[in-house]
Amino acid sequence: MELSTTNVAEAVQAATSEVFEAMAFMETMSGGDEFKPNEEQPVFYTRLPIYKPSPAMVGLVIPQTLALALSEAMMMREFDLEEDEFEIMDVLSELSNTLAGSLLTHLMPDGDSFELGLPECRVIGNPVTDKEWENSEEFLFHVENTGFYVTWEAS
Amino acid sequence: MKILIADDSGTARMFIKQCLEISIPEDVEFLEATNGQEALKLLKVGGVDLLVTDLNMPVLDGRELIRRISASPKLNGMPMMVITSSGNEARKQELLDLGANVVLRKPVNPMKIAEGLESVMNTQGGW
């Protein structure tokens, strides 16, 4: 069975809202063009493959300042971008994993199962020129004044 | 009480540990494993009262871990709580059939964990 993609936007919004609130106590709003990730700040790009019911990829594009805030909120301690880069990536990987699961739960009927791969996270220096997710659909959200993308690519 | 948490994410292990600490009034000793194979090694040493495991792990995943525990004469009957992002009804029933006592979908919080612990106790008749 293939994923129904007709309501991906709704599912992404629901999943993003649920997961950010539950894990980091952050309220997300959709849109906010003025807050889009730009070339002034590197981003953490986390991607997670979906193997079943059909191949797809979920991604999270988070500017460094927001990644720091998320890590501190979720782990309840201070983080340093350089010294704690590995731990920040682990936080974002877990966030992506939970978001992907929530997204697919919203997309799939109850009777069908899905299978997720393992997340990978890396730093992208310029999210405007180095868009590794260029084949993906971007869903823009913002937390206060910082925008981020959830990306979706179905094969 | 000794609880083994199996999850490849350090973030998840910390999160779950915090929720368990809030939910359990007595002193708890926590063991941690980053995959199913490490978890099995720790379980075989003995003394673990509860396994809390993710599904999506490298080396040996949670589903296979549960299956091996249920099939082991020594480990069969181990109370098992699954906390996973892949928590729809089909997967949940599959895991319960394999031997898990309760399946919780991420994201979790102390209240969900407490309810899960109660379910484990009810199915096990206590620790």
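Every chain is numbered from 1 and lettered A, B, ... according to where its sequence line falls, protein lines coming before strand lines.
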Next item on the list: Calculate, to the nearest 0.5 Å, the distance between atoms CD1 and OG1 belonging to Ile83(B) and Thr98(A) respectively.
Entry: 10.5 Å
Note to self: How long is the straight-line distance from CZ of Arg91(B) back to CG of Leu104(A), given to the nearest 0.5 Å?
What the structure shows: 11.5 Å
Notebook entry, point to check: Would you call Met23(A) and Lys106(B) a side-chain contact if the rule is heavy atoms closer than 4.5 Å?
Noted result: no
Margin query: If you count every heavy atom of other residues, nucleotides or ligands that lies below 6.0 Å from Glu34(A) atom CD, does the total exceed 12?
Written below: yes
Item checked: Within 6.0 angstrom of Lys17(B) NZ, more than 12 heavy atoms from elsewhere -> no
Notebook entry, point to check: So which residues of residues 116-129 of chain A are in contact with chain B at a heavy-atom cut-off of under 4.5 Å?
Noted result: Leu116(A), Gly117(A), Leu118(A)
Note to self: Hydrophobic clusters here meaning ILVMFWY residues chained together by side-chain heavy-atom distances under 4.5 Å, can you tell me if Leu42(B) and Leu55(B) are in one?
What the structure shows: yes
Margin query: Assigning hydrophobic clusters by single linkage (Ile, Leu, Val, Met, Phe, Trp, Tyr; side-chain heavy-atom cutoff under 4.5 Å), is Phe141(A) placed with Val61(A)?
Written below: no
Checklist line | Student check: side-chain heavy atoms of Met14(B) and Met74(A) closer than 4.5 Å | finding: no
Check: In terms of hydrophobic clustering (I, L, V, M, F, W, Y; side-chain heavy atoms under 4.5 Å; direct or indirect links), are Val91(A) and Val19(A) co-clustered?
Finding: yes
Notebook entry, point to check: Is atom CD of Glu144(A) surrounded by more than 12 heavy atoms (other residues, nucleotides or ligands) closer than 6.0 Å?
Noted result: no
Check: So which part of Gln18(B) gets closer than 4.5 Å to some heavy atom of chain A, the side chain, the backbone, both or neither?
Finding: side chain
Next item on the list: Write down the atom of Thr11(B), the atom of Met75(A), and the distance for their closest heavy-atom approach.
Entry: CG2-SD, 3.7 Å
Next item on the list: Evaluate whether atom CE of Met29(A) has more than 12 neighbouring non-hydrogen atoms of other residues, nucleotides or ligands under 6.0 angstrom away.
Entry: no
Note to self: With rounding to the nearest 0.5 angstrom, report the CG to CG distance, Asn97(A) to Asp8(B).
What the structure shows: 7.5 Å
Note to self: Applying salt bridge (Lys or Arg N to Asp or Glu O under 4.0 Å) to Arg105(B) and Glu18(A), what does each step give before you reach the verdict?
What the structure shows: CA-CA 12 Å; Arg105(B) 183 169 80 82; Glu18(A) 177 197 21; 3.1 Å; yes
Next item on the list: Taking Asp90(A) for its side chain and Ser9(B) for its backbone only, find out whether a donor-acceptor pair lies under 3.5 Å.
Entry: no
Check: Near Glu39(A) CD, under 6.0 Å, is it more than 12 heavy atoms from other residues, nucleotides or ligands?
Finding: yes
Notebook entry, point to check: Taking a hydrophobic cluster as the set of Ile, Leu, Val, Met, Phe, Trp and Tyr residues connected by side-chain heavy atoms closer than 4.5 Å, whether directly or through intermediates, do Tyr45(A) and Leu66(A) fall within one such cluster?
Noted result: no
Notebook entry, point to check: Is atom CG of Asp27(B) surrounded by more than 12 heavy atoms (other residues, nucleotides or ligands) closer than 6.0 Å?
Noted result: no
Check: Using a cut-off of under 4.5 Å for heavy-atom pairs, which of Glu94(A), Glu87(A), Glu115(A), Met76(A) has the most such pairs with chain B?
Finding: Glu94(A)
Item checked: Co-membership, hydrophobic cluster, residues Ile62(A) and Met57(A), 4.5 Å side-chain -> no
Item checked: Interface moiety of Asn109(B) toward chain A, non-hydrogen atoms closer than 4.5 Å -> neither
